[in-house]
2 protein chains.
Amino acid sequence: MTASALDILAQHNLRKTAVRAQVLDIFLDSREALSHNDIEAHFNQVDRITLYRTLKTFEEKGVIHKAIDGGEKLKYALCSGHCSEHAHEDHHAHFHCDQCGKTVCIESMHIPAVQAPAGYQLSGAYLVLKGTCATCT
Amino acid sequence: MTASALDILAQHNLRKTAVRAQVLDIFLDSREALSHNDIEAHFNQVDRITLYRTLKTFEEKGVIHKAIDGGEKLKYALCSGHCSEHAHEDHHAHFHCDQCGKTVCIESMHIPAVQAPAGYQLSGAYLVLKGTCATCT
DNA sequence: TGTTTAATGCAACGTTGTTTCATTTGGCAA
DNA sequence: TTGCCAAATGAAACAACGTTGCATTAAACA
């Protein structure tokens with residue numbers, strides 16, 4: 001069984017509202033990292049501000065995480081299930097296509113263990129691949 | 001001998017102007033990745049638009065490169081000497097401090113060779129470390 | 001059903017970045 | 001040195017992005 005939008009909201013103790021359910025559905029459908037703009041485009045109409053707040057809330061509650069892709073825009077992707085309110089566990093690489101601008105999670109590629117330079121304390125690491133994706137080649 | 005701002009401009013066939021020299025001096029002094037805002041703060045007064053164009057020109061000519069740090073803002077860092085107008089060679093990791101927000105290049109840490117998933121063509125890879133830097137611990 | 005609290009929608013505002021055009025300045029040759 | 005040309009700068013206007021405060025609406029729960 002695949003998790004539905006309402007399941008996800010329940011799991012994170014979030015109120016079930018129309019906007020939130022729709023946003024989650026968009027993420028579940030597309031399965032790639034989405035920017036604020038991408039999401040807005042999927043709506044017939046939605047309040048920009050509400051969307052900003054929804055994304056912020058989702059991130060704080062561990063539903064989505066920022067997908068660093070080296071592109072211009074900030075994107076978010078659904079967390080894979082191990083994220084919590086307290087810590088995001090986003091230990092896979094992201095691929096950013098220079099052609100279409102899409103960003104996909106590469107769950108299979110784990111970020112190698114790195115050693116921080118002296119005096120530095122590591123809290124996380126991100127690996128971003130750039131190039132041309134399968135559909136753009 | 002350390003490269004001066006004017007040397008760098010000459011090496012890249014760029015006109016020696018006051019703004020450009022100052023921007024380069026700021027980069028040479030600070031030796032960390034700087035956002036548009038950081039740079040603007042170092043000036044007594046400078047035209048925002050000119051600064052945007054200066055940074056864009058520098059990037060196109062291989063003087064600076066974008067430093068992906070997973071932070072909110074786009075930052076630039078001086079290229080290490082092997083970048084050209086045609087290709088940036090930015091094969092080292094960046095460290096982003098969550099406390100002070102500074103981003104430094106870790107020249108010593110090279111990005112591991114990764115294998116792209118089937119159908120994907122790789123053009124580059126970025127490795128971003130996050131945590132607390134030496135001065136913030 | 002009613003109450004409480006969170007989420008939404010709206011207005012206003014601030015920041016960031018781009019485009020267009022007139023002016024100034026650097027580079028180069030006479 | 002002088003003058004010309006192309007590039008760089010500065011100013012204005014504009015568009016996109018993002019935040020804050022406040023009134024209204026809707027979800028959760030007794």
Side-chain angles (χ1 to χ4, degrees), chain A residues 4-27 33-64 66-76 85 101 103, chain B residues 4-27 33-64 66-76 85 101 103:
Chain A
S4 76
L6 294 184
D7 292 337
I8 295 174
L9 288 176
Q11 281 165 27
H12 292 86
N13 291 316
L14 290 167
R15 290 198 178 180
K16 296 163 191 171
T17 69
V19 174
R20 290 179 176 180
Q22 277 186 80
V23 170
L24 285 177
D25 279 336
I26 293 169
F27 273 113
L34 300 171
S35 67
H36 178 105
N37 217 334
D38 296 331
I39 299 169
E40 207 171 345
H42 279 79
F43 277 88
N44 294 339
Q45 80 165 51
V46 70
D47 190 56
R48 279 186 327 123
I49 294 93
T50 301
L51 196 44
Y52 279 118
R53 284 188 281 224
T54 301
L55 293 175
K56 181 184 278 187
T57 302
F58 279 179
E59 199 209 349
E60 288 169 359
K61 299 293 182 177
V63 180
I64 60 178
K66 286 179 183 150
I68 295 172
D69 70 352
E72 333 63 42
K73 307 202 167 182
L74 177 60
K75 293 189 177 180
Y76 293 97
E85 189 166 347
T103 301
Chain B
S4 76
L6 295 184
D7 292 336
I8 295 174
L9 288 175
Q11 280 166 28
H12 292 86
N13 291 317
L14 290 166
R15 288 198 179 181
K16 296 164 191 170
T17 69
V19 173
R20 291 179 176 180
Q22 277 188 79
V23 170
L24 285 177
D25 279 337
I26 293 168
F27 273 111
L34 300 171
S35 68
H36 177 105
N37 217 334
D38 295 332
I39 299 168
E40 206 172 345
H42 278 79
F43 277 87
N44 294 339
Q45 80 167 50
V46 70
D47 189 57
R48 278 188 328 122
I49 295 96
T50 300
L51 196 46
Y52 279 118
R53 284 189 283 225
T54 301
L55 293 174
K56 180 185 279 188
T57 302
F58 279 179
E59 199 208 350
E60 287 169 359
K61 299 292 182 177
V63 181
I64 60 179
K66 287 180 181 148
I68 294 173
D69 70 352
E72 332 65 41
K73 308 203 168 184
L74 177 59
K75 293 188 176 180
Y76 292 98
E85 188 167 347
T103 301

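Lettering of chains follows the sequences in order, A, B, ..., and the numbering in each one begins at 1.
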Find the distance B:Tyr52:OH to D:dA12:P and express it as a whole number of Å. 17 Å
Output for pair (B:His12 NE2, B:Phe58 CZ), nearest 0.5 Å, gives 9.5 Å
Could you grab the distance from atom NE2 of A:His42 to atom CD1 of A:Ile39, nearest 0.5 Å is fine? 9.0 Å
By nearest heavy atom, map B:Ala18 and B:Arg53 onto DNA chain C; which one lands nearer the 5' end? B:Arg53
Please report, rounded to the nearest Å, how far the P atom of C:dA7 is from the NE2 atom of A:His12. 14 Å
When rounded to the nearest 0.5 angstrom, what is the spacing between CZ in B:Arg48 and CZ in B:Arg53? 11.0 Å
Reported CD-to-CD1 distance for the pair B:Glu40 and B:Ile26, which is rounded to 0.5 angstrom: 10.5 Å
What integer distance in Å separates B:Asn13:CG from C:dG27:P? 11 Å
Measure from the side chain of B:Thr17, starting at C-beta and using heavy atoms only, and say which of C:dT18, D:dG18, C:dG26 lies closest. C:dG26
What is the separation between atom NZ on B:Lys61 and atom C1' on D:dA7, rounded to the nearest whole Å? 11 Å
CG-CG distance between B:Leu6 and B:Leu14, expressed to the nearest 0.5 angstrom: 11.5 Å
Of C:dT16, D:dA8, D:dA27, the nucleotide closest to the side chain of B:Lys73 is C:dT16
Looking at C:dT16, does its base get a donor-acceptor pair with the side chain of B:Arg48 below 3.5 Å? no
At under 4.0 Å between heavy atoms, what does B:Arg20 touch on the DNA or RNA strands: base, sugar-phosphate, or nothing? sugar-phosphate
Considering heavy-atom distances to DNA chain C, does A:Val19 or B:Leu74 have its closest nucleotide positioned more toward the 5' end? A:Val19
What's the closest nucleotide to the side chain of B:Ile49 if the choices are C:dT18, D:dA28, D:dT9? C:dT18
Rounded interatomic separation in angstrom, taking CZ from B:Arg15 and P from C:dT24: 16 Å
Quick note, B:Thr50 side chain, CB onward, closest among C:dG26, D:dT9, D:dC17 is D:dT9
If we check side chain to side chain contact (heavy atoms under 4.5 Å, CB included) with B:Ile64, which of these qualifies: B:Leu55, B:Ile8, B:Val23, B:Thr57? B:Leu55
Touch check for A:Thr57, heavy atoms < 4.0 angstrom, all strands: base, sugar-phosphate only, or nothing? nothing
Nearest non-hydrogen partners of B:Tyr76 and B:Leu74, listed with the distance: OH-CD2, 3.6 Å
Interatomic distance where NZ belongs to B:Lys56 and P belongs to D:dT9 [whole Å]: 14 Å
When rounded to whole Å, the NZ to P distance for the pair A:Lys16 and D:dC29 reads 9 Å
Could you identify which residues of residues 36-47 of chain A place a heavy atom less than 4.0 Å from some atom of DNA chain D, listed by residue number, or say none? A:Asn37
